[in-house]
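Working notes, beginning with the structure itself.
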Amino acid sequence: MIVRPQQHWLALIFVWHGSVLSKIFTRLFLNFLLSVAVILMLPWYASLGIKLTVAPFSILGVAIAIFLGFRNNACYARYVEARLLWGQLMIAARSLLREVKNTLPDDSAIGEFVRLQIAFAHCLRMTLRRQPVEATLSRYLTPADLATVVQSSSPANRILLLMGNWLAARRREGQLSDILFHSLNNRLNDMSVVLAGCERIANTPVPFAYTLILHRTVYLFCILLPFALVVDLHYMTPFISVLVSYTFIALDALAEELEDPFGTENNDLPLDAICNAMEIDLLQMNDETDVPARILPDKRYQLT
Amino acid sequence: MIVRPQQHWLALIFVWHGSVLSKIFTRLFLNFLLSVAVILMLPWYASLGIKLTVAPFSILGVAIAIFLGFRNNACYARYVEARLLWGQLMIAARSLLREVKNTLPDDSAIGEFVRLQIAFAHCLRMTLRRQPVEATLSRYLTPADLATVVQSSSPANRILLLMGNWLAARRREGQLSDILFHSLNNRLNDMSVVLAGCERIANTPVPFAYTLILHRTVYLFCILLPFALVVDLHYMTPFISVLVSYTFIALDALAEELEDPFGTENNDLPLDAICNAMEIDLLQMNDETDVPARILPDKRYQLT
Amino acid sequence: MIVRPQQHWLALIFVWHGSVLSKIFTRLFLNFLLSVAVILMLPWYASLGIKLTVAPFSILGVAIAIFLGFRNNACYARYVEARLLWGQLMIAARSLLREVKNTLPDDSAIGEFVRLQIAFAHCLRMTLRRQPVEATLSRYLTPADLATVVQSSSPANRILLLMGNWLAARRREGQLSDILFHSLNNRLNDMSVVLAGCERIANTPVPFAYTLILHRTVYLFCILLPFALVVDLHYMTPFISVLVSYTFIALDALAEELEDPFGTENNDLPLDAICNAMEIDLLQMNDETDVPARILPDKRYQLT
Amino acid sequence: MIVRPQQHWLALIFVWHGSVLSKIFTRLFLNFLLSVAVILMLPWYASLGIKLTVAPFSILGVAIAIFLGFRNNACYARYVEARLLWGQLMIAARSLLREVKNTLPDDSAIGEFVRLQIAFAHCLRMTLRRQPVEATLSRYLTPADLATVVQSSSPANRILLLMGNWLAARRREGQLSDILFHSLNNRLNDMSVVLAGCERIANTPVPFAYTLILHRTVYLFCILLPFALVVDLHYMTPFISVLVSYTFIALDALAEELEDPFGTENNDLPLDAICNAMEIDLLQMNDETDVPARILPDKRYQLT
Amino acid sequence: MIVRPQQHWLALIFVWHGSVLSKIFTRLFLNFLLSVAVILMLPWYASLGIKLTVAPFSILGVAIAIFLGFRNNACYARYVEARLLWGQLMIAARSLLREVKNTLPDDSAIGEFVRLQIAFAHCLRMTLRRQPVEATLSRYLTPADLATVVQSSSPANRILLLMGNWLAARRREGQLSDILFHSLNNRLNDMSVVLAGCERIANTPVPFAYTLILHRTVYLFCILLPFALVVDLHYMTPFISVLVSYTFIALDALAEELEDPFGTENNDLPLDAICNAMEIDLLQMNDETDVPARILPDKRYQLT
């Protein structure tokens with residue numbers, strides 16, 4: 001995620017890093033070259049009776065803009081939902097710890113439980129990003145727990161089961177009444193909601209045909225556009241063609257980036273920072289002193 | 001569902017499998033032939049004083065694009081909701097099993113309950129796809145249970161009732177207090193929500209008149225378009241006509257596919273894979289060893 | 001509701017029943033006649049210096065399409081919410097019965113309760129459709145209950161109160177603990193949500209001014225359109241004018257139909273079938289043998 | 001709210017009352033006069049070299065239509081949410097009373113509680129409409145309660161506190177267990193949700209700049225439009241200009257009306273009728289005989 | 001937030017304060033100057049064979065309007081959600097206090113709890129606005145509590161923990177049963193939802209690339225527009241160019257303002273007034289007499 005301070009409107013136009021411009025520059029440059037070629041070839045292919053006018057591109061442009069707007073909506077909704085789920089994890093984690101601290105008569109073992117919570121967040125983050133979890137989790141879990149977790153096909157779900165076991169042990173010891181256990185268990189269910197929600201987003205892309213149809217029409221539109229513009233605009237064709245192409249191709253590329261919000265591209269969610277904030281919060285709530293430093297954006301305003 | 005790895009933007013334009021292109025190719029080819037015919041007939045029907053211009057098609061094109069965008073939204077919302085419901089089933093199933101394992105003092109019979117849960121998922125999947133359930137369910141249910149389930153008009157609902165009976169028996173034996181029974185029962189209610197939600201999507205299509213009005217206007221638009229384009233574009237008519245038609249017809253066809261997300265077409269939900277993942281998760285949570293292999297996409301990136 | 005099997009794309013264009021075409025045919029025919037009249041009058045009124053061009057209709061067409069899309073959204077949302085509410089009724093009814101069967105030690109009187117549930121569904125259906133309820137309800141309610149129900153200004157709400165009384169009697173007899181009563185009572189509250197939700201949709205139309213503004217602009221647009229098209233299209237005017245009018249008028253008419261989803265028009269909800277399915281499900285769950293036959297679509301694919 | 005019976009499509013075009021037409025008639029008439037003036041002035045200002053074409057108005061028209069559609073959405077969402085909140089109040093009130101009647105062993109004092117509920121609805125309605133509450137509330141509250149209520153900065157919230165006190169007194173008397181008190185108290189919380197939701201809608205308008213930007217662009221667009229149309233349309237300019245202006249200005253005016261759904265304009269919510277229905281329902285549920293008459297729409301189909 | 005009384009439609013057009021006009025005036029003025037320069041340079045650059053037509057700008061204008069509409073939606077949704085969260089805080093605070101007052105047998109210490117609630121609201125407001133919290137919180141918290149709060153990385157979350165501790169102390173003293181503690185604790189969880197929701201909105205901007213792509217295309221569009229308009233409009237170019245630019249740039253600027261709804265700009269949320277209203281309500285519910293005055297909009301209708 002890019003967290004730029006507010007900038008002058010004029011300066012913003014020239015920003016390079018964090019835009020998708022770096023990613024689509026080649027395509028726009030090819031469009032520019034094509035436009036130049038079209039200007040040069042105009043006399044030749046006009047003599048063949050081939051002509052294109054802007055009118056059908058107007059119909060096509062509106063239709064593509066509407067459908068692209070729809071796909072952007074769908075992809076942005078995934079991004080927003082993913083962020084919402086991580087926010088719910090924060091809520092569930094804090095509420096769970098507050099409730100545990102407020103209800104358990106004996107709070108000496110709560111540090112153990114806090115570590116299970118932190119492990120859950122890191123484990124979810126790393127499985128979503130398809131990174132190996134073992135090294136990180138070993139900082140929070142006992143070796144026995146770690147072994148069962150890494151063997152599981154859904155490690156984060158296994159950690160939830162461990163948290164349930166921990167609470168169940170307290171109930172069997174008589175520290176928690178059924179009603180309080182039920183309440184704490186509901187927080188675990190909230191975490192289960194987050195887990196399955198993130199898995200759903202990660203495993204179920206926007207239907208591939210949407211991506212394909214729009215990708216195809218956007219690129220065919222941009223390729224044919226110079227041929228239609230050249231008759232009216234002549235020397236100005238490359239500039240207008242690249243501007244129109246930029247509008248369409250940039251949004252197509254951004255939608256692709258947002259579709260998988262758990263990645264590590266410029267516009268993806270800063271899961272490292274969210275996990276870090278959660279870890280700090282939970283440790284401070286338990287009045288622990290060994291708290292990690294807060295992760296800040298790098299020089300390019302990038303937060304991972 | 002297609003789960004393609006990310007591809008170069010240029011390569012994507014030429015993808016065949018998984019697009020709806022294979023399905024609508026005939027229609028586009030007919031459009032091409034019609035356009036060619038229109039070019040040939042132009043002198044003849046122009047001599048009759050018949051003329052069409054692009055301007056009214058511009059109005060019509062925008063209107064159809066807006067309405068098609070609306071229908072796409074409606075159909076995509078069904079797809080998203082269907083996926084969400086299956087995600088909720090995963091959540092309810094895991095939470096229910098975790099809660100059962102954490103609260104039942106005697107866990108020797110939990111394997112039975114796990115099988116009821118797995119049977120529920122497979123039964124729901126197969127009734128939604130209108131496949132016979134008996135053979136598959138016989139792997140998970142006792143013959144007596146199986147008999148009552150297959151006689152029911154809503155077999156999955158009957159399995160829910162069996163799960164409720166199982167929990168009720170534990171309550172009567174004194175293994176579950178009322179509060180814990182209430183909590184577990186809420187998870188069954190969550191499954192009931194998923195069941196009725198899926199039934200609703202499967203039984204209530206988008207109002208037929210939407211499908212019809214859009215289908216009709218899209219096809220009439222595409223049939224008349226070459227007549228309007230030919231005056232300006234002449235030899236280029238077939239190419240532009242097919243491009244515009246592709247944009248509209250492909251989205252119309254995709255909306256139709258997404259409208260029934262429980263089917264087995266390219267862009268439908270991978271219910272087999274979801275049920276398989278749920279089965280693996282639940283068996284692993286109960287520390288069972290006989291776990292089925294994970295279903296992976298086939299060579300064409302297709303996951304069923 | 002129309003539940004047509006999937007059809008060939010070409011066949012679909014010619015479907016008559018279930019489209020709104022039958023309803024708006026007169027209006028389209030009038031538009032056709034007007035267009036013909038406009039062609040004939042063209043020389044006369046052109047000589048008066050009266051001229052219309054397509055350009056302002058292009059602005060108007062886009063604006064109307066956008067606003068019509070908005071109204072369609074609003075009306076379709078009502079349809080979807082109405083269906084959702086009836087789905088929630090199904091969920092609540094099944095969950096309530098499952099919970100009652102699982103928790104009541106003595107299940108001899110449950111048949112009574114099942115009849116109250118079925119009566120609730122039929123009563124809601126018939127009050128929404130403004131049909132008299134007494135005859136149907138007499139099949140499910142005792143005469144005393146029936147009398148209080150039909151005297152009430154909200155009969156379905158009175159049945160909910162009777163269900164609450166039935167459960168309260170079980171609690172007073174000691175068959176239900178407070179916690180289980182609370183849980184069952186929450187299902188009654190879910191039914192109360194459905195009831196008030198349906199009443200809300202039935203009693204609160206989309207603000208009348210929306211309907212009026214769009215209706216008016218759509219018809220004025222369609223009336224003036226031939227005058228603008230005739231200069232360019234001449235003999236083709238009637239065909240294009242009717243096609244454009246069809247797109248706008250059909251969606252306007254469909255929105256009107258969906259606005260009140262509880263009616264008995266082609267595209268309204270099949271409340272008879274939903275109530276029938278609920279009745280079958282509940283009776284089967286209680287292992288009763290006298291179960292009504294399932295309602296199926298008629299020859300014209302119409303389900304009421 | 002207007003509750004018109006369905007009308008013939010042709011008759012609808014000529015409806016006056018209940019449209020926003022009465023409100024914007026002056027503005028449309030001014031637009032007509034301006035258009036006539038523009039026709040007369042055309043030769044003069046054309047001689048100055050001033051010319052306007054439709055093309056830039058086409059860009060502007062589409063942009064304004066899209067943004068107006070967005071604002072309409074936002075304002076309509078407020079209307080829908082407001083109606084939803086009042087529906088939730090109905091649900092909470094009925095459920096609360098049903099639960100109270102089903103659980104209290106001694107129901108002699110329930111009439112008192114019913115009056116608190118009715119007072120809450122009327123109080124909310126009148127504070128939202130900025131009407132004095134004292135006279136109406138005196139019909140339902142004891143003088144002591146009335147005094148504390150009218151002194152409060154949020155009178156409806158004070159009535160909720162009184163309802164809570166009433167239930168708390170029953171709990172202290174041993175008529176309600178903690179679990180049942182908790183359940184009833186949740187219904188009070190539902191009412192608190194409705195209260196704060198309505199306050200939020202009433203106190204937080206759509207950001208003023210939206211209203212302003214759209215208002216300004218719509219009116220400037222309508223003022224400049226005749227200048228652009230006159231070259232092509234000449235004598236027809238006033239008619240087309242008024243038609244286009246009607247489409248834009250009417251929707252702008254309607255959005256303004258819907259933005260504050262608690263007002264007493266034509267398209268606002270019928271809070272009087274909703275409170276009346278709630279009062280009838282609650283009194284009938286408590287089997288009282290002195291029930292007010294149902295409020296019906298007036299001759300102009302207006303329901304307040 | 002601007003809370004203007006309703007104004008005459010004509011007067012509204014000339015409002016200056018509270019519009020974003022003051023903010024974008026320079027940009028519009030530059031556009032005006034550029035347009036004048038373009039008129040002057042027209043003969044020169046036309047002689048170079050450079051020409052621009054309106055047609056491609058029509059395509060671009062529609063596309064930008066659609067994408068801008070999408071971004072406006074996204075930013076407005078953040079504003080609405082932020083307001084909703086503060087509404088939920090109001091609900092949770094009132095319900096919590098009502099429940100505490102109704103259930104605690106000894107209400108002498110409730111004033112303490114009220115102050116914790118008020119401190120939570122102020123603390124959340126000031127951290128969202130990145131203002132120092134210590135001075136304000138010292139009015140409500142004991143020095144010991146204040147010290148732990150200001151040391152925390154999430155001070156508002158620490159106050160929630162203090163509220164939990166306060167309730168837990170009442171439970172340990174036997175004043176609250178487990179079920180009532182559970183109910184009150186759920187209200188604290190509601191506050192936790194508000195807290196994390198606000199943090200999410202404040203920390204996660206709309207993906208930067210959206211802002212950038214739209215900003216860039218809007219400004220390039222407005223810069224190039226005069227070149228396209230000048231051929232047709234000549235002397236009128238500056239006026240139409242500024243009007244079109246105003247429509248696009250004003251919405252771009254407003255979206256930027258709404259994106260961070262917790263700021264102190266014209267169209268941001270009036271958090272001071274909301275906290276003030278909450279403080280008054282809670283103190284009045286506890287029948288305290290030392291209640292602060294209500295914050296009202298200033299002379300320019302501005303509420304902070």
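Chain letters run A, B, ... following the sequence lines, proteins first and then strands; every chain starts at 1. These numbers come from a predicted model, not from an experiment.
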(request) Specify which of C:Arg94, C:Glu99, C:Arg294, C:Lys101 makes the most heavy-atom pairs with chain B at under 4.5 Å. (result) C:Arg94
(request) Measure distances from C:Met285 to the heavy atoms of chain B and classify the residue's part below 4.5 Å as side chain, backbone, both or neither. (result) both
(message) When you compare the side chain of C:Arg98 with that of B:Asn185, does any pair of heavy atoms fall below 4.5 Å?
(response) yes
(message) Given heavy-atom pairs under 4.5 angstrom as the criterion, report whether the side chain, backbone, both or neither of B:Glu256 touches chain C.
(response) side chain
(message) Counting only non-hydrogen atoms closer than 4.5 Å, does B:Asn189 touch chain C with its backbone (N, CA, C, O), its side chain (CB onward), both, or neither?
(response) both
(message) Rounded to the nearest 0.5 Å, what separates atom CZ in C:Phe239 from atom CG in B:Leu220?
(response) 12.5 Å
(message) Can you tell me which of C:Ile240, C:Asp287, C:Val15 forms the most heavy-atom pairs within a distance under 4.5 Å of chain B?
(response) C:Val15
(message) Taking every non-hydrogen pair under 4.5 Å, which of B:Asp260, B:Leu167, B:Asp252, B:Thr204 racks up the most with chain C?
(response) B:Thr204
(request) To the nearest 0.5 angstrom, please state how far the NE2 atom of C:His182 sits from the CG atom of B:Asp178. (result) 12.0 Å
(message) Could you report the tightest heavy-atom contact between C:Met1 and B:Pro205, atom names first, then the distance?
(response) SD-CD, 3.8 Å
(request) Select one option (side chain, backbone, both, neither) describing which atoms of B:Glu81 are under 4.5 Å from chain C's heavy atoms. (result) side chain
(message) If you define the side chain from C-beta out and look only at heavy atoms, does anything of C:Arg83 sit under 4.5 Å from B:Ile201?
(response) no
(message) Report, in residue-number order, which members of residues 61-71 of chain C are under 4.5 Å from chain B by heavy-atom distance.
(response) C:Gly61, C:Val62, C:Ala65, C:Ile66, C:Leu68, C:Gly69
(request) To the nearest 0.5 angstrom, please state how far the OG1 atom of B:Thr211 sits from the CG atom of C:Leu12. (result) 8.0 Å
(message) Only pairs of heavy atoms separated by less than 4.5 Å count here; which of B:Leu212, B:Leu214, B:Ile249 has the most with chain C?
(response) B:Leu212
(request) Measure C:Tyr301 against the heavy atoms of chain B and call it side chain, backbone, both or neither at under 4.5 Å. (result) neither
(request) Working to the nearest 0.5 Å, report the span between CD1 of C:Ile274 and CG of B:Asn203. (result) 9.0 Å
(request) To the nearest 0.5 Å, tell me how far B:Thr217 OG1 sits from C:Leu251 CG. (result) 7.5 Å
(request) Measure distances from B:Leu224 to the heavy atoms of chain C and classify the residue's part below 4.5 Å as side chain, backbone, both or neither. (result) side chain
(request) Using non-hydrogen atoms and a 4.5 Å limit, figure out which bit of B:Arg200 sits close to chain C: side chain, backbone, both or neither. (result) both
(request) Begin from the C-alpha positions of C:Val54 and B:Ile59 and carry the test side chain to side chain contact (heavy atoms under 4.5 Å, CB included) through to its verdict. (result) CA-CA 9 Å; C:Val54 178; B:Ile59 300 179; 4.0 Å; yes
(request) Could you tell me which non-hydrogen atom of B:Arg171 sits nearest to which non-hydrogen atom of C:Leu180, and how far apart they are? (result) NH1-CD1, 3.4 Å
(request) Quick one: which of B:Ala55, B:Gly164, B:Ala77 has the most heavy-atom pairs under 4.5 Å with chain C, could you say? (result) B:Gly164
(request) Verify side chain to side chain contact (heavy atoms under 4.5 Å, CB included) between B:Phe221 and C:Leu243, making sure each step is shown before the conclusion. (result) CA-CA 9 Å; B:Phe221 177 83; C:Leu243 176 57; 5.6 Å; no
(request) Among the options B:Phe227, B:Phe181, B:Phe57, pick out the one with the most heavy-atom pairs lying under 4.5 Å from chain C. (result) B:Phe181
(message) Please classify the contact between B:Ile223 and chain C as side chain, backbone, both or neither, with a heavy-atom cut-off of under 4.5 Å.
(response) neither
(request) Please answer whether the main-chain N or O of C:Trp9 pairs with a side-chain N or O of B:His215 as donor and acceptor at a distance below 3.5 Å. (result) yes
(request) Look at C:Leu229, C:Ile280, C:Leu303, C:Asn73 and state which one has the largest set of heavy-atom pairs under 4.5 Å with chain B. (result) C:Asn73
(message) If I measure from the heavy atoms of chain C, does B:Leu160 come under 4.5 Å with its side chain, its backbone, both, or neither?
(response) both
(request) Kindly determine whether B:Arg216 and C:Tyr246 satisfy side chain to side chain contact (heavy atoms under 4.5 Å, CB included), including the steps that lead there. (result) CA-CA 10 Å; B:Arg216 212 173 245 160; C:Tyr246 170 66; 2.9 Å; yes
(message) Counting heavy-atom pairs closer than 4.5 Å to chain B, which one of C:Val291, C:Asn102, C:Ile2, C:Asp281 comes out on top?
(response) C:Asn102
(message) Could you measure the distance from the OG atom of B:Ser153 to the CD atom of C:Glu279? Nearest 0.5 Å is fine.
(response) 11.5 Å
(message) If you count heavy-atom pairs within less than 4.5 Å of chain C, which of B:Leu195, B:Ile213, B:Leu60, B:Thr53 leads?
(response) B:Ile213
(request) State, with a plain yes or no, whether a side-chain heavy atom of C:Ser95 is found less than 4.5 Å away from one of B:Leu188. (result) no
(request) Heavy-atom pairs under 4.5 Å with chain B are the metric here; pick the option from C:Asn186, C:Ile179, C:Thr237, C:Val20 that has the most. (result) C:Ile179
(request) Under 4.5 Å heavy-atom distance to chain C, tell me which part of B:Tyr210 shows up: side chain, backbone, both or neither. (result) both
(message) Using a 4.5 angstrom heavy-atom cutoff, name the option from C:Asn72, C:Leu21, C:Val244 with the most pairs to chain B.
(response) C:Asn72
(request) Check the pair C:Met90, B:Asn157 against side chain to side chain contact (heavy atoms under 4.5 Å, CB included), reporting the backbone distance first and the verdict last. (result) CA-CA 11 Å; C:Met90 180 64 112; B:Asn157 188 42; over 6 Å; no
